[in-house]
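Below is one structure, written out as structure tokens; the observations come after it.
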Amino acid sequence: MERETRVRFAPSPTGYIHVGGARTALFNYLFARNTGGKFILRIEDTDLERSSEEAMRDILEGLRWLGLAWDEGPQAGGSSGPYFQAERIDLYTGYMNRLERDGMAYRCYCTIDELSAERARAVAEGREYKYGGKCRCLTPGERESRLQAGAASVLRFAVTPGTTVVDDMVRGQVSFDNALLDDFVIVKSDGMATYNFAVVVDDALMGITHVIRGEDHLSNTPRQILLYKALGFELPRFAHIPLIMGPDRTRLSKRHGATAVTSYRDQGILPQAMINFLALLGWGYGDKQLFDMTELCDLFNIERVNKNPAVFDTDKLEWMNGQYIRAMTSDDLFQAGLPYLLQAGLIPEEPDDETVLKSKEALKLVQERLRYLSEIPDLVVFFFIRPQGYEPEAAEKWFTRSQTADRLEKLVSELQGMEPFKAEMIEPKVRNLAAAEEIKAGELIHPVRLALTGRKASPGLFETMELIGCEECIIRLRKAAEFVRERV
RNA sequence: GGCGCUGUCGUCUAGCGGUUUAGGACAUCGCCCUUUCACGGCGAAGGUCGCGGGUUCGAAUCCCGCCAGCGUCACCA
């Protein structure tokens, strides 16, 4: 029996969660579910300067919204905590000391100023900069005297010559010459472990079996492998997934507009659509385009992740969102649309049954034209509020002749007292009137639509009329007739 | 600059030496449906598979070189 797979998503709470991070989290999640393993969330919050409570909340909220539930981590608990790196710092000291004692790491007394001067010099001379290993050659005596003097120091890992190969599940074998790695810092002068050191210890202690992360970490991997070996930890499998880029093919950033997961939520992207879209960025399964989470968990396979970076293009996301919106039940659509109706002030905080019913009907009528939930208010206003004006372009076309006013009024008398006021009964009335007037149905339908909705486009006219209601239709038709007369 | 990764329609991708006149999806355009807008259906356009060599009877698929893009080179994670 193989060891249970354990993967982790380890964001640092230095900013909101963006689509790239979400995609990394998703692939980890899918891998865990696919292999029957555990998905762990660890917060890398050791950079107190840049970490914030707010970013933390955004990350948790974003993951939860996407449905990427973590098996272990903040608010979920687990037996390999703590899950905040800031609370794990004591765990590192033993390992630091061991490396130093075993001579695999050494104290370096070079100051930041010295080093940056050295680097500046190298850059000025067009050489590449690499730490020279000056302090590696300190004699025991020199070390002792610096220690006595209480000089500040960092701990550097003593890289030994050779080649380190990363056996990557998506990229295959990638080898690095150790000579190109300088003696990197593993403990900062304040005693805190650096990222490279901390991840290794954390991942090892948490029993992480597969490290799935962005390709930007690939070049750090040989250093980490060296550390795993030095510490005697079992190596995890690595999988470096391609980066997500902006349309200009540079790494996606705020510059490219909306990249925050929560901003898509606010625009009314459904989490299922976001998940589906993200999954298809770097992964695919034949010609199939639409996958729900269950299918994804079932079919996901890290070996099928492709190596090339993908451009984040929301066209397809919008289409997918439309697909998912159309697949919603009336109740689900109402629940999802409610915040938008509320925010637009179209319905009260605690709507009565009649309003709820009407809202559901309205949403049903616009369901197939939605791409974002945020489009809802604009598409349904006229069901709730009498039009305040008419789209000029449409008025120009349909509201220019006095006959139109006559016809609108004739329709009013047709409609008066109609009972029940149903689409299938309204339709013949309108069509018959058009016939009687010897005009095509459209010639009447268009002005009526404009009169009732103020728009040139709307859901089917007869269904729209039914929902607006007989009385209100009559009022609107009369107002429009009046408007036309004044205009001509 | 060193190192590393990547390179198939505008975008996401299928393709793993022959059944490929390179397939699908989004976007675009056209037609149909139709009271409008959508939805849906049908169809079109769009790729000299980064470029150049080679291997092979045969290459998008294998090899080499080049070019381009990206990533990474911190006491940041």
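Proteins come first, then strands; the chains are lettered A, B, ... in the order of their sequence lines, and each starts at number 1.
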Which pairs would a plain distance check flag for residues 452-470 of chain A, meaning a side-chain donor or acceptor within less than 3.5 Å of a matching protein atom at least two apart in sequence or in another chain?
{"from": "A:T453", "atom 1": "OG1", "to": "A:R449", "atom 2": "O", "distance (Å)": "2.8"}
{"from": "A:T453", "atom 1": "OG1", "to": "A:R455", "atom 2": "N", "distance (Å)": "3.0"}
{"from": "A:T453", "atom 1": "OG1", "to": "A:R455", "atom 2": "O", "distance (Å)": "3.4"}
{"from": "A:R455", "atom 1": "NH1", "to": "A:D378", "atom 2": "O", "distance (Å)": "3.2"}
{"from": "A:R455", "atom 1": "NH2", "to": "A:D378", "atom 2": "O", "distance (Å)": "3.3"}
{"from": "A:R455", "atom 1": "NH2", "to": "A:D378", "atom 2": "OD1", "distance (Å)": "3.2"}
{"from": "A:S458", "atom 1": "OG", "to": "A:R449", "atom 2": "NE", "distance (Å)": "2.9"}
{"from": "A:T464", "atom 1": "OG1", "to": "A:P459", "atom 2": "O", "distance (Å)": "3.3"}
{"from": "A:T464", "atom 1": "OG1", "to": "A:G460", "atom 2": "O", "distance (Å)": "2.7"}
{"from": "A:E466", "atom 1": "OE1", "to": "A:A423", "atom 2": "N", "distance (Å)": "2.8"}
{"from": "A:E466", "atom 1": "OE2", "to": "A:K422", "atom 2": "NZ", "distance (Å)": "3.4"}

For residues 181-190 of chain A, dump all side-chain donor-acceptor pairs below 3.5 Å to protein atoms at least two apart in sequence or in another chain.
{"from": "A:D182", "atom 1": "OD2", "to": "A:Y131", "atom 2": "N", "distance (Å)": "2.9"}
{"from": "A:D183", "atom 1": "OD1", "to": "A:R136", "atom 2": "NH1", "distance (Å)": "3.3"}
{"from": "A:D183", "atom 1": "OD1", "to": "A:V159", "atom 2": "N", "distance (Å)": "3.0"}
{"from": "A:D183", "atom 1": "OD2", "to": "A:Y106", "atom 2": "OH", "distance (Å)": "2.6"}
{"from": "A:D183", "atom 1": "OD2", "to": "A:R136", "atom 2": "NH1", "distance (Å)": "3.0"}
{"from": "A:D190", "atom 1": "OD1", "to": "A:M192", "atom 2": "N", "distance (Å)": "2.9"}

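A distance-only check finds a donor-acceptor pair linking the side chain of A:N432 to the backbone of A:P428 [under 3.5 Å]. At distances below 3.5 Å, not a single donor-acceptor pair connects side-chain atoms of A:E87 with backbone N or O atoms of A:Y83.
Between A:R223 and B:G4 there is no side-chain polar atom (N or O) within less than 4.0 angstrom of OP1 or OP2. Between A:R304 and B:C16 there is no side-chain N or O to OP1 or OP2 distance below 4.0 Å. Within the 4.0 Å cut-off from OP1 or OP2 of B:U11, at least one side-chain nitrogen or oxygen of A:R249 is found. Distances shown here put a side-chain N or O of A:T46 below 4.0 Å from the OP1 or OP2 atom of B:A77. A close approach under 4.0 Å does not occur between any side-chain nitrogen or oxygen of A:N308 and OP1 or OP2 of B:C5.
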Quick one: what's the B/S/- string for nucleotides 20-26 of chain B, heavy-atom cutoff under 4.0 Å, read 5' to 3'? ---BBBS
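Contacts of A:V311 classified as side-chain contact (heavy atoms from CB on, under 4.5 Å), with partners at least two apart in sequence or in another chain: A:R249. For A:F9, there are no ring pair (Phe, Tyr, Trp, His ring centres under 6.0 Å) partners, not counting sequence neighbours. Residues satisfying the side chain to side chain donor-acceptor pair (under 3.5 Å) test with A:R23, not counting sequence neighbours, are none. A:R50 pairs by the salt bridge (Lys or Arg N to Asp or Glu O under 4.0 Å) definition with A:D47, not counting sequence neighbours. Under the side-chain contact (heavy atoms from CB on, under 4.5 Å) criterion, A:A395 pairs with A:Y390, A:F399, A:L450, A:R487, not counting sequence neighbours.
Here OH of A:Y92 is found 14.0 Å from CG of A:L99. Values are rounded to the nearest 0.5 Å. Taken from CD in A:Q267 to OG1 in A:T314, the straight-line distance is 8.5 Å, to the nearest 0.5 Å.
On the P atoms, B:A27 is 16 Å away from B:U11, given to the nearest whole Å.
Among the protein residues, A:F462 comes within range of the nucleic acid bases, having at least one heavy atom under 4.0 Å from a base atom. Within 4.0 Å (heavy atoms only), A:R50 reaches at least one base atom of the nucleic acid.
Of the residues in residues 180-193 of chain A, those placing a heavy atom less than 4.0 Å from an atom of RNA chain B are A:L180, A:V185, A:K188, A:S189, in numerical order. The stretch residues 426-443 of chain A touches RNA chain B through A:R431, each having a heavy atom under 4.0 angstrom from the strand.
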Find every protein N or O atom lying less than 3.5 Å from an N or O atom of nucleotides 45-49 of chain B, and list the pairs.
none

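Within the structure, the side-chain hydrogen bond (donor to acceptor under 3.5 Å, both in side chains) test picks out the following pairs touching residues 151-161 of chain A (sequence neighbours left out): A:R107-A:S153.
By the 30° and 60° cut-offs, the orientation of the rings of A:F27 relative to A:F300 is tilted.
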